[in-house]
There are 4 protein chains.
Amino acid sequence: MQILKEDVRNKIREAALSEFKREGYLQASMRRIAQAAGVTSGNIYRYYESKEQLFDAIVQPVFEQYTVNMKEIHHKVELSYQSDERINPVYFKNIESTLVELFKTYSSELTIMLNQSTGTKYENVKSDLRQLVYSILERVLLTIRGEETRLSPEDHALVQMLSSTMMEGLCLLLRDNEEGDTLRKLVDQFLFVNYQGINALIHQETRKRSGME
Amino acid sequence: MQILKEDVRNKIREAALSEFKREGYLQASMRRIAQAAGVTSGNIYRYYESKEQLFDAIVQPVFEQYTVNMKEIHHKVELSYQSDERINPVYFKNIESTLVELFKTYSSELTIMLNQSTGTKYENVKSDLRQLVYSILERVLLTIRGEETRLSPEDHALVQMLSSTMMEGLCLLLRDNEEGDTLRKLVDQFLFVNYQGINALIHQETRKRSGME
Amino acid sequence: MQILKEDVRNKIREAALSEFKREGYLQASMRRIAQAAGVTSGNIYRYYESKEQLFDAIVQPVFEQYTVNMKEIHHKVELSYQSDERINPVYFKNIESTLVELFKTYSSELTIMLNQSTGTKYENVKSDLRQLVYSILERVLLTIRGEETRLSPEDHALVQMLSSTMMEGLCLLLRDNEEGDTLRKLVDQFLFVNYQGINALIHQETRKRSGME
Amino acid sequence: MQILKEDVRNKIREAALSEFKREGYLQASMRRIAQAAGVTSGNIYRYYESKEQLFDAIVQPVFEQYTVNMKEIHHKVELSYQSDERINPVYFKNIESTLVELFKTYSSELTIMLNQSTGTKYENVKSDLRQLVYSILERVLLTIRGEETRLSPEDHALVQMLSSTMMEGLCLLLRDNEEGDTLRKLVDQFLFVNYQGINALIHQETRKRSGME
DNA sequence: AATGAATGAGCTTTCATTCAT
DNA sequence: CATGAATGAAAGCTCATTCAT
């Protein structure tokens with residue numbers, strides 16, 4: 001039974017998408033992908049030359065777009081560092097928008113890149129992203145705390161925690177929501193909760209400190 | 001040199017703990033565990049009858065304790081459902097305390113159960129826990145919203161999101177912190193951020209609604 | 001653009017010739033042959049029913065001609081055995097001429113048959129040929145040694161060696177030379193070296209023997 | 001059924017030796033090696049970490065010894081180039097001795113390295129060796145021809161041919177003889193035949209040339 | 001006739017598990 | 001009890017051959 005080539009290529013892609021999303025790169029099985037695609041295992045290799053390349057074919061587009069967008073944000077953050085300008089949460093909005101925008105086109109691919117890429121060249125993307133969030137939060141907190149150049153150990157731990165949980169939260173939302181508008185609303189709410197919460201936390205701490213002194 | 005049986009059993013357990021924590025159940029290798037334990041791979045099977053059972057031996061204690069504690073919380077939640085009593089965030093505190101308490105005794109085991117159990121019978125624990133958090137948050141919101149018996153789709157999505165991100169955040173903290181006091185402080189901060197944030201969100205929404213009417 | 005059938009058949013043949021010559025039967029790839037022939041891999045099978053049969057189609061003509069010629073030589077050798085006639089090196093000249101003659105028409109095919117046929121029914125041709133050379137040399141040596149009917153073990157080993165190295169040398173020349181005149185000259189030189197060398201060896205040995213007795 | 005480790009290692013080595021000798025590296029099958037060794041295919045990998053490494057384990061010892069010996073010969077040849085000293089056939093004797101000496105310890109391994117190593121890092125050893133023989137013969141002929149610095153195209157072809165056939169002849173002897181003393185005798189005879197033959201050829205040609213002028 | 005997608009057996013390699021010693 | 005060699009199923013991948021179009 002002969003099917004059009006692009007048809008099969010897509011079926012393989014779909015099957016792989018689902019397998020990678022469910023199992024992660026390492027645990028994914030080419031035979032299972034083949035079966036799910038209704039194709040023999042050997043035939044996959046007419047379309048994608050290896051498991052790695054199949055993964056790449058899925059993730060690269062989103063990664064490229066992601067890289068472009070993130071570079072811009074990085075650049076702005078660097079600039080504001082140099083110009084001693086006050087960093088504000090608008091950068092989060094940028095990251096958020098980037099991710100949500102990417103999500104609209106590449107929802108599963110984005111999740112795979114962020115959450116299921118252990119064993120591939122993308123495995124550090126999430127932690128790089130967390131690092132970026134960390135450096136933004138760090139800058140915000142430094143500004144608030146006054147003229148210090150380094151965070152206290154406590155603040156470091158706090159910022160670490162916040163960047164981790166915010167990133168992980170965002171990734172979770174990407175993973176669990178199929179629909180773009182719902183996602184955007186949830187992301188907005190999620191960020192609102194975090195901004196408000198962080199604000200409250202910092203003010204409380206500031207009050208505590210004043211009270212102590 | 002003869003080594004006491006329990007000694008060996010513990011060495012294997014320790015090695016497995018570290019391997020499962022680092023690699024997760026599926027990627028963990030019995031050979032590496034054996035090597036790290038200073039034991040031959042075959043000998044593991046005199047102490048634990050399979051990879052799964054070894055995983056079990058590590059996770060079951062924390063799971064049992066966890067189950068007992070969670071059942072109580074569940075029970076209280078159920079009760080308050082029936083008694084129409086108002087649920088308050090104290091339940092979160094219970095969950096938090098339970099996890100932090102468990103963490104004191106079983107820090108790695110807890111992380112493994114929650115984050116590294118894909119492929120085992122524990123793989124749903126986290127989502128069950130999320131479900132519990134969901135039902136608490138749901139109840140809270142229902143109370144706030146008035147006498148409704150079911151959440152609106154929007155509120156459902158919101159509560160789903162909040163329970164997910166809070167759970168995931170907590171799991172992350174458990175995973176990344178070796179030290180109990182630091183952990184507790186971070187958990188407190190994390191929950192504070194979330195409570196405050198959620199409060200702010202709800203009030204804002206309430207205001208918006210009133211404004212609309 | 002329609003290509004005539006014979007045209008395609010030839011293109012495949014040419015491509016296969018080159019592939020078999022370079023890679024040998026087993027390492028040859030039908031896909032590469034197809035590609036080199038500018039033909040799809042499936043289409044090869046309309047002209048040649050299998051890899052083996054394609055190989056056959058290339059080698060059989062030279063094999064048949066070779067067989068005819070060799071049978072004659074064989075026959076002469078047999079005859080001279082029976083007639084107790086003295087065998088002389090002219091038979092080598094016959095073999096040489098046969099090979100060089102075949103080479104003129106079938107240079108690559110001959111090389112393939114002799115050197116690249118492992119895994120096919122022709123894989124023994126070279127050793128059969130060596131056997132023929134052996135029997136000629138054997139007869140020559142028997143004549144020289146006197147009236148013996150079997151060679152001594154030492155002479156057997158010697159003749160074995162000489163027939164092997166001469167055959168292998170010839171095959172090498174066939175393999176490495178594209179051009180007929182160069183080939184013929186080299187073959188002449190090669191055989192001259194061997195004849196002279198063998199003569200010198202035998203005379204020396206004869207002298208040694210006489211000296212010993 | 002448990003057998004001593006070294007026993008199995010040897011059985012695998014023996015089976016591999018035989019398989020590589022018969023089939024060559026590429027065509028050799030790990031499954032067949034396993035079967036011939038009376039071992040399951042997986043078990044080979046406890047002893048040798050890959051097909052390539054198994055091949056290496058067989059060939060490396062002979063290659064190392066070979067390299068040491070050949071470097072010395074190379075060195076001598078280079079020296080005599082610089083010192084403008086006349087090169088004499090003693091270098092062949094060196095090469096011959098080296099190969100025969102190696103053969104005594106590593107008969108099959110040597111054959112495998114020289115004749116069955118396509119696809120491995122040893123695949124160029126034979127042609128390197130042929131190149132060495134070429135450069136010796138070239139030097140000899142240059143000396144004979146007078147003061148020329150490069151061979152004429154005809155002489156080049158001749159020397160090419162002679163180095164090829166001599167090398168190939170030697171390799172053949174290594175391949176076909178299991179017993180060291182027999183081999184040495186045959187090699188001696190083979191080289192004698194070639195020396196005498198080459199001498200005769202050169203003198204004849206010299207005569208021809210004189211006659212022509 | 002021709003295409004090239006599809007097949008499926010076979011390849012090397014890994015690894016949880018078993019078992020003779 | 002302990003060893004570690006052995007097992008065998010399954011992984012990713014290749015390739016001669018088939019067959020629907």
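Keep in mind that what you see is a predicted model, and the values were worked out from it rather than measured. Here is how names work: the chains are called A, B, and so on, in the same order as the sequence lines, proteins then strands, and each is numbered from 1.
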*Qualifying residues under side chain to side chain contact (heavy atoms under 4.5 Å, CB included), relative to A:T40, sequence neighbours excluded*: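 Listed in chain order: A:N43.
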
*Could you tell me which residues satisfy side chain to side chain contact (heavy atoms under 4.5 Å, CB included) with B:A15, sequence neighbours excluded, listed by chain and number?*
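With neighbours one apart ignored, the set is B:I33, B:A36, B:A37.
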
_Which residues pass the ring pair (Phe, Tyr, Trp, His ring centres under 6.0 Å) test with D:Y122, not counting sequence neighbours?_
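D:Y122: ring pair (Phe, Tyr, Trp, His ring centres under 6.0 Å) contacts with D:F63.
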
_Qualifying residues under ring pair (Phe, Tyr, Trp, His ring centres under 6.0 Å), relative to A:F55, sequence neighbours excluded_ =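 By the ring pair (Phe, Tyr, Trp, His ring centres under 6.0 Å) rule, A:F55 matches A:F20, A:Y25.
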
In whole angstroms, how far is the [atom2] atom of [N] from the [atom1] atom of [X]?
X	N	atom1	atom2	result
A:Y48	E:dA6	OH	C1'	16 Å
C:E19	F:dC15	CD	P	11 Å
B:D7	F:dA2	CG	C1'	15 Å
D:Y47	E:dT13	OH	P	17 Å
A:E6	E:dG4	CD	P	14 Å
B:I33	E:dT17	CD1	C1'	13 Å

*Nucleotide by nucleotide, 5' to 3', does protein get under 4.0 Å of the base (B), only the sugar-phosphate (S), or neither (-) in nucleotides 7-14 of chain F, counting heavy atoms?*
BB--BBBB

*If a pair satisfies salt bridge (Lys or Arg N to Asp or Glu O under 4.0 Å) and one of its residues is in residues 47-63 of chain C, list it, with sequence neighbours excluded.*
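For residues 47-63 of chain C: C:D56-C:K121.
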
*asked:* The criterion is side-chain hydrogen bond (donor to acceptor under 3.5 Å, both in side chains); which residues satisfy it with C:R175, sequence neighbours excluded?
replied: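 Scan of C:R175 (side-chain hydrogen bond (donor to acceptor under 3.5 Å, both in side chains), adjacent residues dropped) gives none.
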
*What pairs with B:E109 under side-chain hydrogen bond (donor to acceptor under 3.5 Å, both in side chains), at least two apart in sequence or on another chain?*
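Expected list: B:R13.
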
_Would you say CD of C:Q35 has more than 12 non-hydrogen atoms from neighbouring residues, nucleotides or ligands within 6.0 angstrom?_
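Atom CD in C:Q35 is not crowded, with 12 or fewer foreign heavy atoms closer than 6.0 Å.
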
*Stems in DNA chain E: runs of 3 or more consecutive Watson-Crick or G-U pairs, distances under 3.5 Å?*
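As far as DNA chain E goes, consecutive pairing (with distances under 3.5 Å) yields the stems E:2-21 with F:2-21.
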
